[in-house]
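A quick write-up on the structure given underneath.
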Protein chains: 2
Amino acid sequence: MAESTGPKRPGGETLLFLTDEQLRKGIEAMFFAYRGFTADPDRILENYAYGRAHHRAIHFIGRSPGTTVNNLLSILGVTKQSLNRVLRTLIADGLVESRVGTRDKRERHLNLTEAGWRLERELSDAQRDRMRVAFRAAGPEAVAGFRTVLEAMMDPEMRRHYVALKEQS
Amino acid sequence: MAESTGPKRPGGETLLFLTDEQLRKGIEAMFFAYRGFTADPDRILENYAYGRAHHRAIHFIGRSPGTTVNNLLSILGVTKQSLNRVLRTLIADGLVESRVGTRDKRERHLNLTEAGWRLERELSDAQRDRMRVAFRAAGPEAVAGFRTVLEAMMDPEMRRHYVALKEQS
DNA sequence: ATTTTATGTCAGCCTTGTTGACATTCCAAG
DNA sequence: CTTGGAATGTCAACAAGGCTGACATAAAAT
C-alpha cells in the first residue's frame, strides 16, 4: 500500500488520481454504475421471460444486421452452445431471423424481424434514457473523459470490436 | 430516432454528445469495458474455485471491516440466501470471520482473516493495475469525467452506498 | 407479552455460463 | 477428387449464482 501511494512522474509531479484510494473509487464506481446501467433493461426483460443474454444478442444483431454467428460469438465472448440456446429461443419467438449465407452456405446471417426491432427499441430506449440523463448532468467534457477511460480499460480484442462498431456508423 | 437527434439547449446550442449515436457508443463502451474490468480477477478466482460473487463479498468486507450481513446485502443487491451461500464457503475456508454483535447480538460482524486479506490483495492489485494503466493513459481530466458520468448513472441508493464508502476513507 | 428485525438454512427453480461428443455442410488445399 | 478443417447445430451433463418460499431462532423494540 505505502509504496504505491502518491506515485511520482519522472518530472516529479504527484499524480493524485493514481493513488490506490483513487483507483479503488474508480473500481467501485464501475461496480455501482454497471448496476444502474443494466437495471432498466432488466426490468423490461422480465415481462418477456428473457434475460441479459437475450438483450446482448438483440443489441448486437441490431447493431450489425446480417452479422454471422461467429462474429457474434467473438463479440459476446461466450461459447457457441450458450449463444445457440439464446438464439434458438429468439428465432422460435420470431424476433430473430437466421438466413443461410449465399457465398458461404455454412454461415448463418442474423437479422432482427419487425418484432425483434420493436423489442430492441424498447430496450435501447430505456438504456439510452438513463445514459442521456447521466451525460446531460455530467456535461460534454466529462462524457469525453468517460469514453476515454473506458476505452483504455478494454482488452485489445474488445477494443477492436468497439472501434469496428463505431466506424460502421 | 430523427426527433431525438441533435437536441438543442434552451440557448440553442447543439449537444452533439447527446445524439442517439453518442449514447449508443456510451452503452457499448460500458459493455466492453466492464468485460475488461472483471477479466483479471476472474482469472485469479479460477485458481481458488471462487466466482465473482465471492470477489464482491471479499471486496466490500475488506472495504468496511466489521460490516453487518444486512449492510452487505443492501450494497450487493442480492438475496440473503445468495449471499449466505457465498459467505458460508468463505467462512468455512477461513477467509472471513463472523462475530456476533456486542450491542445487538442479532447482528453478525464480518471481517477478513489474514488469508482473506491475502486474497483481497491479490484480487484488488490485479484490478487496480488495469485501472491504473487506463487512468494513466487517459489523464486526470478524463478520469474526473469518467467518475462524474458513472456517478450520474447510478441508482440513487447505489450512489448513497458509493458516497458512504468514499467518505469512509 | 407480542411483534419486528437480523440472521441462518433447507428445498427447489431459472438463467446462463461451461465441456465434451458428434453430425452436417462445404470451402480449400493437396 | 479426396481429404482436412472451418462453421454451424445439437444433445447431454454440469456448475455458479441468481431467485422464491418456508421455517427457525435469538434478540431488540414496542
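Below, chain A is the first sequence line, B the second, and so on; all start at residue 1.
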Q) What one-letter contact string describes nucleotides 19-30 of chain C from 5' to 3', where B marks a base within less than 4.0 Å of any protein heavy atom, S marks contact via sugar-phosphate atoms alone, and - marks no contact? A) BBB---BBS---
Q: Could you list the residues that satisfy side chain to side chain contact (heavy atoms under 4.5 Å, CB included) with A:Arg160, not counting sequence neighbours?
A: A:Glu157
Q: Figure out the CG/C1' separation between B:Asn84 and C:dA6, and round it to whole Å.
A: 12 Å
Q: Would you kindly give the CG-to-P distance between B:Leu110 and C:dA6, to the nearest whole Å?
A: 15 Å
(Q) Give the residues of residues 48-56 of chain B touching DNA chain C, defined as any heavy atom closer than 4.0 Å, sorted by residue number. (A) none
Q. Can you list every pair that meets salt bridge (charged side-chain N to carboxylate O under 4.0 Å, His left out) and has a residue in residues 36-45 of chain B, with sequence neighbours left out?
A. B:Asp40-B:Arg43, B:Asp40-B:Arg130, B:Asp42-B:Arg52
Q: List for me each residue that meets side chain to side chain donor-acceptor pair (under 3.5 Å) alongside B:Thr89, sequence neighbours excluded, and say none if there are none.
A: B:His54
Q. Nearest-Å distance, CG (B:Asn71) to C1' (C:dT7)?
A. 14 Å
Q. With sequence neighbours left out, which residue pairs that include part of residues 118-153 of chain A fulfil the ring pair (Phe, Tyr, Trp, His ring centres under 6.0 Å) condition?
A. A:Phe135-A:Phe146
Which donor-acceptor pairs under 3.5 Å do the side chains of residues 78-86 of chain B make with protein atoms, sequence neighbours left out?
from, atom 1, to, atom 2, distance (Å)
B:Thr79, OG1, B:Ser82, N, 3.3
B:Asn84, OD1, B:Arg88, NE, 3.4
B:Asn84, OD1, B:Arg88, NH2, 3.4

Q) Which whole-number value in Å describes the distance from B:Asp42 CG to C:dT16 P? A) 18 Å
Q. Once you round it to whole Å, what is the distance between P of C:dT18 and CG of A:Leu83?
A. 11 Å
Q. With B:Tyr34, which residues qualify under ring-ring contact (aromatic ring centres under 6.0 Å, His included), at least two apart?
A. A:Tyr34, B:Phe37
**Q.** 5′-ward residue of the pair A:Arg85/A:Ser98 relative to DNA chain D
**A.** A:Ser98
Q.
If hydrophobic clusters are built from ILVMFWY residues whose side chains come within less than 4.5 Å, do B:Val163 and B:Val143 share one?
A. yes
**Q.** Listed partners of B:Tyr162 passing ring-ring contact (aromatic ring centres under 6.0 Å, His included), at least two apart
**A.** none
Q: For B:Asn70, check side chain to side chain contact (heavy atoms under 4.5 Å, CB included) against everything at least two apart and list the hits.
A: B:Thr68, B:Leu73
**Q.** Rounded distance in Å - CG (B:Leu87) to P (C:dA6)
**A.** 16 Å
**Q.** Qualifying residues under side chain to side chain contact (heavy atoms under 4.5 Å, CB included), relative to B:Ala115, sequence neighbours excluded
**A.** B:Leu95, B:Thr113, B:Arg118
Q) Does anyone know the first and last nucleotide of DNA chain D in reach of chain B, 5' to 3', at under 4.0 angstrom to a heavy atom? A) D:dG17 to D:dA28
Q | Side-chain heavy-atom pair B:Phe32, A:Leu150 within 4.5 angstrom cut-off | A | no
